[in-house]
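Below: the structure, in structure tokens.
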Amino acid sequence: MAFHVKHGAAAPARNRTGPSAVHPKKRERRKKMRSPVETAEKFLPEERAVEALRRAAAGCTACPLHETGTQTVFGEGPETAVVMMVGEQPGDSEDLSGRPFVGPAGRLLDQALVQAGIDRSRVYVTNAVKHFKWEARGKRRLHSKPNAREIEACLPWLKAEIEAVSPKVIVCLGATAAQALLGKDFRVTRQRGSFVQSAYAPYVTATVHPSSILRSRGDREAEIARLVEDLRKVADLLD
């Protein structure tokens, strides 16, 4: 049977798909994603030596992670270092101590450096993100991967560290550090151990982050051996 709508009668209601139909929280997230990223650039001091950068970074509020991290965890090592190791972010141990790579992953990195023949005293260690991002799991604080905006917000600190130290070799540990410096298309799984052209240093390479080995359910000894193999390529470049 056919139905006829009389002239002037209200049309059937349609699903509302315009902006007003979007949940307020989702709309706010979209707005944040479209807005320009506030970076740490305005917190950089005029003096760009590492100690001056470290003091200035202690007061950085460029991204929300300063609200949950215990403190800024800045890079550490000699300003004359020939190798710079860049990780993702500080972990729980680093957040509490204020020093990078002092937890289990840092101890594994130290072990790999020794096996590769790299003098730890010639290495500067830092992270792409300077505050610990975490989520509560009972009484534990578990690592939570920083997002693109948080990485971008912190990038001026990393660039300033690279400029201050001027290392011969930069080693990106894991995907976050590699993509922060080498672009989003860089894949550690495919390109680890190879040197890529970069304006940041004469030699730039990437390998896995030691924490990924600690989390692995595979052959841990074999994965450590591969990490050492990647680092030996770096050792071959040093005097």
Below 3.5 Å, can you tabulate the donor-acceptor pairs from side chains in residues 196-203 to any protein atom, sequence neighbours excluded?
{"unit_1": "S198", "atom_1": "OG", "unit_2": "Y200", "atom_2": "N", "d": "3.1"}

Contacts of type side chain to side chain donor-acceptor pair (under 3.5 Å), residue [X], not counting sequence neighbours:
X	answer
Q111	none
R120	D110
T70	D95
E135	R137

Heavy-atom pair of closest approach, residues [X] and [Y]:
X	Y	value
L53	P45	CD2-CD, 3.7 Å
E150	C63	CG-SG, 4.4 Å
L44	A160	CD2-CB, 4.2 Å

If I take atom [atom1] from residue [X] and atom [atom2] from residue [Y], how far apart are they, to the nearest 0.5 angstrom?
X	Y	atom1	atom2	result
E152	T39	CD	OG1	7.5 Å
R141	L96	CZ	CG	5.0 Å
N127	H209	CG	NE2	6.0 Å

Problem set entry | With H131 via ring pair (Phe, Tyr, Trp, His ring centres under 6.0 Å) - residues at least two apart | none
Problem set entry | Counterpart residues, ring pair (Phe, Tyr, Trp, His ring centres under 6.0 Å), relative to Y124 (two or more places apart) | none
Problem set entry | Other residues, nucleotides, ligands: >12 heavy atoms within 6.0 Å of E163 CD | no
Exercise. Would one find more than 12 heavy atoms of other residues, nucleotides or ligands at under 6.0 Å from atom CZ of R99?
Worked result: no
Under the salt bridge (charged side-chain N to carboxylate O under 4.0 Å, His left out) rule, collect the residues that match up with [X], sequence neighbours excluded.
X	answer
E94	none
K139	none
R192	D230
E51	R54

In a table with atom names and distances, give each donor-acceptor pair under 3.5 Å that connects a side chain of residues 170-186 to protein atoms at least two apart or in another chain.
{"unit_1": "T176", "atom_1": "OG1", "unit_2": "E88", "atom_2": "OE2", "d": "2.8"}
{"unit_1": "T176", "atom_1": "OG1", "unit_2": "K145", "atom_2": "NZ", "d": "2.8"}
{"unit_1": "Q179", "atom_1": "NE2", "unit_2": "F186", "atom_2": "O", "d": "3.2"}

Exercise. Of E161, Q71, H66, which meets side-chain hydrogen bond (donor to acceptor under 3.5 Å, both in side chains) against K130?
Worked result: E161
